[in-house]
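Some notes on the structure that comes next.
Bear in mind that the values here come from a model prediction, so they are computed numbers and not experimental data.
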There are 4 protein chains.
Amino acid sequence: MATKAKRRFKEMRLRSEEKILDAALELFATNGYKNTSISEIAKKADISKGLMYNYFASKNALLRAIVTKAITEGHNLVQHAMEDYASPILELEHLVLDTFEHVKNNFQFWKLLTSLSHQQDIMASVQDLVAEEKKWSIQKGIELFTKLKAPNPRQSAFLLGAAMDGIMLHYIHMGDEYPIDEMAKNLIETFTHPASIHLG
Amino acid sequence: MATKAKRRFKEMRLRSEEKILDAALELFATNGYKNTSISEIAKKADISKGLMYNYFASKNALLRAIVTKAITEGHNLVQHAMEDYASPILELEHLVLDTFEHVKNNFQFWKLLTSLSHQQDIMASVQDLVAEEKKWSIQKGIELFTKLKAPNPRQSAFLLGAAMDGIMLHYIHMGDEYPIDEMAKNLIETFTHPASIHLG
Amino acid sequence: MATKAKRRFKEMRLRSEEKILDAALELFATNGYKNTSISEIAKKADISKGLMYNYFASKNALLRAIVTKAITEGHNLVQHAMEDYASPILELEHLVLDTFEHVKNNFQFWKLLTSLSHQQDIMASVQDLVAEEKKWSIQKGIELFTKLKAPNPRQSAFLLGAAMDGIMLHYIHMGDEYPIDEMAKNLIETFTHPASIHLG
Amino acid sequence: MATKAKRRFKEMRLRSEEKILDAALELFATNGYKNTSISEIAKKADISKGLMYNYFASKNALLRAIVTKAITEGHNLVQHAMEDYASPILELEHLVLDTFEHVKNNFQFWKLLTSLSHQQDIMASVQDLVAEEKKWSIQKGIELFTKLKAPNPRQSAFLLGAAMDGIMLHYIHMGDEYPIDEMAKNLIETFTHPASIHLG
DNA sequence: AATGAATGAGTTTTCATTCAT
DNA sequence: CATGAATGAAAACTCATTCAT
């Protein structure tokens, strides 16, 4: 009896939580954290203002929940993708493609994260979650270019990272108008082909 | 007499206006637009809250003034730098270096602009100013790569643009810890040397 | 069968009601009425929020129930204690000691009542219950001092009442650190011995 | 010029601050801290809600300001009054009378303080201010009864303290209906006359 | 009888903006 | 031109109470 009721309650909780997280992510991403009110979130999630506080202790806790969730998901995804590859070139190719795939599939989240990254005080409450992710990413790049026998792996990793972030930035701003797949292909060629594609 | 007095007033006016713009730029850039109060700006600019409204009709007008000013300055700078170059390679080199130089010299402004770019409603009030700038920039890139006989000038221009923005993004986040000059050198080589520097 | 089940239900009901009353009393007394939420009470009583409303129509009804219960108990106690004494001196002695005993045994309740007594609007809903109690208490004091042939029984009763309330106040604030028994002894001597104990 | 304007502003500030403090004191004292909203205070003080925050950082800061102000005033008053007396009996007489005088003149404040003393968490934010006051008071009492050669000065000081607090409590509850001056006289006699006044 | 999800009115707090001087 | 006191609308948050199950 009690079990049945409990299960039902759990489901209700989960559904509401999901609705709130989704609504908040979209609004935060589009209009910014400070610029989004709990009222707006509640309206979009189709719940009452008060209910939000049943699930998240504060607006900031809600933000952290979003970031935590997305980073966890993202981390798993990329780590999986990295497992076994025949050659470092293929590996680099997948690093780029998988990352962009993840960005495409989590458009709103990346928009939010990019937006957050410019607000010092808000970022502070999320910094720890993001910092680790970044370090891991650069480390992976350096390993790759070392395997590829690049003359300066660190430098190449940084440049690749910058180019990827730039592409993501443009993609995030322009959305599907931006030729992200083409850019990815181009990027991979630039970083793996001995002859530059840029000059004839 | 009157003239002298008038001139002094004008100078004071300019000085106050300048102080407000500077203070606001720094605070907006560091903490975000929404997160910065008029009180804070007034305190930092060492003027009264009320005085601000003598110079700018609203907080949003102040924001627009900052963006307008910086974009105008930036535009002049880059356009100047582009004038006469012996070869397109040199020209590309200068495009990259001058842009980064501008970012370095207007760190706060770029920080602000990057931050703003993620807040749809605020950006709306500034969008038109930025859009033109962007278009011009891409056009310039395409021209350059055409002169350089790149197989796909548009693609190369996009990739260069993305890489430059990525580098700027990292520089803006990390400040002087980021090896922006080294990155610039590297970037130029990648885009102008027939043999890739990435693979040995 | 039915009877047995009914009895069990009644017991459960009593147990839950008791748990709620105890939890609420402690929380109200410690943190104040307004400062205590139904959630806290429910958690402390180990029941659900909703169940509380099966037993008490509102938070205020719960408060009234607590006060009513404790006053009734207290009244019985003191009245019992007052029955037959050989001398008015002994009677006064018992009045003091029994009252303090009651306070010691109902510490939380007295704490609550003392706390409530300063909140006009809340007190309104409880006032009538308390007023009667007070009147009875003073009447008793006057009777006693009359029997004791005090020159001004009313005055003495008031002074004794004030001193007792003062001692109770201190006891309530300090808890068992306060030497309430010693104070009681002292108080009785002061009011029954012809020679003052205060000056040597 | 500037000076004149500044003086005017200071006066405005002072007046508003005073109005807020007075309104808040009365409401806190009558209805309790938690039970009083900023809106009510603003309405009573005839100012806008927002203005309160120009003067006090928070509702709690307002409370502390009230307590600090009253304790400081009270301390000065009593300390002054204690200076030079011909005999310890006269000194005790004045201790009692001056204290009651202070309570009468700061009725609202004492009502508030008595009310606060029962709410642990609120009291925490004010405790330090009050604790010192209490210690000083008891110390004074012990000194007095030592000079008066009471057999147990500490005990007598405690009893006097309790009686005084009890009288104040009743006075605070009943207001001017309570014969506080008569009680004071009676109290002094009880504690200074060798023969008890209670029994004929 | 019992649960806890959901509500909404009310509370504290913030801040762009106005205005008297 | 300059000041900062004052306002009020909107934001974050709390909580007694209701209700479907």
Under a 3.5 Å limit on both distances, the Watson-Crick or wobble mate of E:dT17 is F:dA6

Flag this pair as yes if the NZ/CZ of B:Lys59 is under 6.0 angstrom from the six-membered ring centre of B:Phe28 and inside a 45 degree cone about the axis; otherwise no. no

Whole-Å gap separating C1' (E:dT7) and CD1 (A:Ile47): 10 Å

Please report the distance, rounded to the nearest Å, between CD1 in B:Ile20 and C1' in F:dC1. 12 Å

Across all strands, who's sitting opposite E:dT11 as a Watson-Crick or G-U wobble pair, both distances under 3.5 Å? F:dA12

Does any non-hydrogen side-chain atom of B:Tyr33 lie less than 4.5 Å from one of B:Asn60? yes

Need to verify one output field. Residue with the more 5' nearest nucleotide on DNA chain E, D:Ser37 or B:Glu40? D:Ser37

Could you give the NZ-to-P distance, from D:Lys59 to F:dC13, as a whole number of Å? 18 Å

5' priority, DNA chain E, between D:Tyr33 and B:Ser58 [closest heavy atom]: D:Tyr33

Just the rounded figure in Å: distance from C1' of F:dT14 to CG of C:Asn35. 12 Å

Report yes if at least one side-chain N or O of C:Tyr55 is closer than 4.0 Å to OP1 or OP2 of E:dA2; otherwise report no. yes

Check whether any side-chain heavy atom of D:Leu62 lies under 4.5 Å from a side-chain heavy atom of D:Leu21, and answer yes or no. yes

Nearest listed nucleotide, side chain of C:Ser48, among E:dA2, E:dT12, F:dA12: E:dA2

Between D:Ser39 and E:dT11, does any side-chain N or O lie under 4.0 Å from OP1 or OP2? no

C:Lys49 side chain near E:dG4 phosphate (N/O to OP1/OP2, under 4.0 Å): no

Rounding to an integer number of Å, can you tell me how far D:Leu14 CG sits from F:dG4 C1'? 15 Å

Looking at every strand, decide which applies to A:Leu51 at a 4.0 Å heavy-atom threshold: base, sugar-phosphate, or nothing. base

Can you name the nearest heavy-atom pair linking A:Glu40 to A:Asn35, along with the distance? OE1-O, 3.5 Å

Does C:Gly50 or C:Thr36 map to a spot on DNA chain F nearer the 5' end, using the closest nucleotide for each? C:Thr36

Separation of atom CG in C:Leu63 from atom P in F:dA16, rounded to whole Å: 13 Å

Closer than 4.0 Å, any side-chain N/O of A:Arg8 to the OP1 or OP2 of F:dT21? no

Give the rounded distance in Å between these two atoms: CD1 of A:Ile41 and C1' of E:dT7. 18 Å

Is there a side-chain polar atom (N or O) of A:Tyr53 under 4.0 Å from OP1 or OP2 of F:dC13? yes

F:dA5 OP1/OP2 closer than 4.0 Å to side-chain N/O of D:Asn54: no

Which nucleotide in F:dT17, F:dC15, E:dA2 has an atom nearest any side-chain atom of C:Ile38: F:dT17

Quick one: closest heavy-atom pair of D:Phe109 and D:Val67, and the distance? CE1-CA, 3.9 Å

For D:Thr36 versus D:Gly32, what's the shortest heavy-atom pair and its separation? OG1-O, 2.6 Å

Mind calculating the distance between NZ (D:Lys34) and C1' (F:dC15) to the nearest angstrom? 10 Å

